[in-house]
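For reference, the structure discussed in these notes is given below.
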There are 2 protein chains.
Amino acid sequence: MQMSAETETFVVHFGEMASRWGFNRTVGQMLALIVLSEKPLNADDISQLLAVSRGNVSMAAKELQSWRLVKVHREPGDRKDYLVANGSIWDLAQQVMAERKKREVDPTLSVVRGLLMTMDDQPESHARQQIQEMNDLLELFSKWFDDVNNMQPEHLKALMKMGAGVGRVLEMTQRLTPGSKKQERP
Amino acid sequence: MQMSAETETFVVHFGEMASRWGFNRTVGQMLALIVLSEKPLNADDISQLLAVSRGNVSMAAKELQSWRLVKVHREPGDRKDYLVANGSIWDLAQQVMAERKKREVDPTLSVVRGLLMTMDDQPESHARQQIQEMNDLLELFSKWFDDVNNMQPEHLKALMKMGAGVGRVLEMTQRLTPGSKKQERP
DNA sequence: TTATACTTTCAGAAATTTCTGAAAATTCAA
DNA sequence: TTGAATTTTCAGAAATTTCTGAAAGTATAA
C-alpha cells in the first residue's frame, strides 16, 4: 500500500504541526491519513504507511479516540479494528477546539477562581486586580465558546460570515461617540 | 525578594500550562510573574524569584518580546533592563491568540492552498474534497479571527456577550424550517 | 474449549526540548 | 578610550516526551 504524493505532503505537515496542536507526531499523521483515506484503515495499514511501530499506532489510536476524532469500524468475519474519521472536517475541527479548550482554558479558570476566593482581603492589590481581570476574561470566553462551538457546522459558518460585520457595526457606533476614538486608546 | 503565596500558585500554574499554550515553563512563569508584579522586574530579580539561571531568563525575555507580551523599561542611571507587561490582560490575551493563530493555523492554510492547486485534476477524489473542505474552513476562520481579534477589548467584550444570543437566533430560525431539526443530523 | 489473530501495555531506547553556566559580546558612564 | 555592569550566546547536561518491540492480554472462529 502507498500514499499519493499529495497525501504524503499533508500527512507530513500534520506531523510537524501536531505538537503545536496538543498531540504528538504520530497522532497528527494518523489523523491526517484517516481523514484523507476513503476506505477505513487498520492498524497494520497505518503502521506500514507511516513507518511506525505497531505499539505506537495502538497508543495513537487510543489518543484519537479520547479526542473523539475517530471511531472504530468492524466488519463481520474480520477481527481487525478499522479506523474512520468521526464526522466531517467541521465536526472534527469543533471537536479539537472543544478538547483544547478543556485542556488549555478550564484548568486555569479553576485556579483563578480559587485564588480570588482566598484574596478577599487585599481587594485593592495589583495582583488581585489582574487576577480578577483574568477571571472575567476567562469566564466570558468560556461561556461564549461553549455556546458557539456547540452550534451545528452550518449555523457556525453563517455566524462566522456575519461575525466581522457585527463587529464593524459596534466599532461604528462607538466611533460616533466623542472621547472614544481608536486613536485615543492609550 | 519573595513572592506571596498567591503569586506563587499562579506562577507555578502558568509554568505547568505553558507547554500547552506554546511556550516553555520558564516563559510561562515569567509572564505570570510580570503580570502580577506591580513594579518592573529586572533579570536578576526574576532569576532569583523563579530559581532559574540568568541565561534562561535572557532567552525567555527574548521569547516574551517576540510574542509582544512584555516591553523593556529602562531608568536613567541604571543599566538594567526592566520588564513590564505590554498592556492589560485583554491586550495580552489578544496578543497570545494572534501569535498562536499565526503559528498554528496560517502554515496549514498555506500548505492546504498549495495542495489544492496541484490537485486540479482528480476534482472528485475524496482526498481532494476533504482538503477543499479544510481550505474553506481555515479561510473562513482566518478572516473571521483576524477581524474579531483586532477589535478593541471593550468592543470584543460586547460582541462576546452577544455571541451566544446571535447563535440562538440562527438555531431558532433553522428549527422552524422542516427537515433540518438537530435530532435529524446524521 | 482451544488456537490464533489481533490489541494493549510498558520498560527501556531514542529523540527532542529545556536549562545551565561560563565565555563572548555589548553598552554606557566616566 | 577604558572597564565595569549587564546581556546574549551556545555547547553540553538534564529533563521530558515519544517511540519501539517483545511480552501479556483479549476476543473470536472453529
Side-chain angles (χ1 to χ4, degrees), chain A residues 1 11-12 14-34 40-67 70-84 100 103-104, chain B residues 1 11-12 14-34 40-67 70-84 100 103-104:
Chain A
M1 202 180 288
V11 163
V12 167
F14 264 57
E16 285 164 355
M17 299 300 285
S19 66
R20 302 185 189 182
W21 295 338
F23 27 78
N24 67 37
R25 179 173 51 204
T26 303
V27 172
Q29 291 191 344
M30 263 179 68
L31 178 59
L33 190 58
I34 290 166
L41 298 170
N42 64 44
D44 287 327
D45 296 337
I46 294 167
S47 172
Q48 185 241 307
L49 285 166
L50 300 182
V52 298
S53 73
R54 188 60 191 68
N56 196 0
V57 170
S58 177
M59 291 185 297
K62 285 292 170 222
E63 182 78 354
L64 285 170
Q65 283 171 267
S66 86
W67 283 71
V70 303
K71 59 190 172 198
V72 177
H73 189 263
R74 305 199 63 158
E75 309 210 32
D78 186 343
R79 295 187 188 181
K80 291 193 175 81
D81 286 349
Y82 288 83
L83 297 177
V84 189
R100 291 186 66 176
R103 298 173 184 221
E104 298 174 14
Chain B
M1 203 181 290
V11 164
V12 167
F14 264 56
E16 287 165 353
M17 298 301 284
S19 66
R20 302 185 190 182
W21 294 339
F23 27 77
N24 68 37
R25 179 173 51 202
T26 303
V27 171
Q29 290 190 346
M30 263 179 67
L31 178 59
L33 189 58
I34 290 166
L41 298 171
N42 64 44
D44 287 327
D45 297 336
I46 294 168
S47 172
Q48 186 242 305
L49 285 166
L50 300 182
V52 298
S53 74
R54 188 62 191 66
N56 196 0
V57 170
S58 177
M59 291 185 296
K62 285 292 170 223
E63 182 78 353
L64 285 171
Q65 283 170 267
S66 86
W67 282 71
V70 303
K71 58 189 172 199
V72 177
H73 189 263
R74 303 200 64 159
E75 309 211 32
D78 187 343
R79 295 192 187 176
K80 293 195 175 81
D81 286 349
Y82 290 83
L83 297 177
V84 189
R100 290 185 66 176
R103 298 173 184 221
E104 299 174 13

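The chains referred to below are lettered A, B, ... by the order of the sequence lines, with proteins before strands, and numbering in each begins at 1. Scope of the values below: all heavy atoms of this structure, side chains included, with no hydrogens, waters or symmetry mates.
When DNA chain D is scanned 5' to 3' for any atom under 4.0 Å from a heavy atom of chain A, the first and last hits are D:dT18 to D:dA29.
The shortest heavy-atom contact between A:Gly28 and A:Ala18 is CA-CB, 4.0 Å. Scanning all heavy atoms of the two residues, the minimum distance from B:Ala60 to B:Thr26 falls at CB-CG2, 3.9 Å. Annotation for A:Lys80 and A:Asp78: closest pair N-OD1, 3.0 Å, computed over non-hydrogen atoms. The heavy-atom pair separating B:Gln29 from B:Val12 by the smallest distance is NE2-CA, 4.3 Å. Considering every non-hydrogen atom in both B:Ser66 and B:Arg103, the closest pair reads OG-NH2, 4.2 Å. For B:Arg100 against A:Arg100, the heavy-atom pair with the smallest separation is NH2-NH2, 2.6 Å.
Distance check: B:Phe23 CZ to B:Leu64 CG gives 7.5 Å after rounding to the nearest 0.5 Å.
Using a 4.5 Å heavy-atom cutoff, the side chains of A:Leu50 and A:Asn56 are not in contact. Side-chain contact between A:Leu83 and A:His73 is absent, with no heavy-atom pair separated by less than 4.5 Å.
Atom pair A:Asn56:CG and C:dT8:P shows a separation of 13 Å (rounding to whole Å applied). Atom-to-atom, CG of A:Asp78 to P of C:dA5 comes out at 12 Å; the value is rounded to the nearest Å. The distance between atom CD of A:Glu75 and atom C1' of C:dC6, rounded to the nearest whole Å, is 15 Å. Counting to the nearest Å, the P atom of C:dT26 and the CG atom of B:Asp81 are 15 Å from each other.
Between A:Ala61 and B:Pro76, the residue anchored closer to the 5' end of DNA chain C is A:Ala61, taking for each the nucleotide with the nearest heavy atom.
The stretch residues 18-29 of chain B touches DNA chain C through B:Asn24, B:Arg25, B:Thr26, each having a heavy atom under 4.0 angstrom from the strand. For DNA chain C, the residues of residues 47-55 of chain A within the heavy-atom distance limit of 4.0 Å (strictly under) are A:Arg54, A:Gly55, sorted by number.
Across A:Val52, A:Ile46, A:Val70, A:Leu41, a single residue satisfies side chain to side chain contact (heavy atoms under 4.5 Å, CB included) together with A:Met30, and that is A:Ile46.
Listed for the A:Gln48 side chain is a donor-acceptor partner under 3.5 Å among the backbone atoms of A:Met1.
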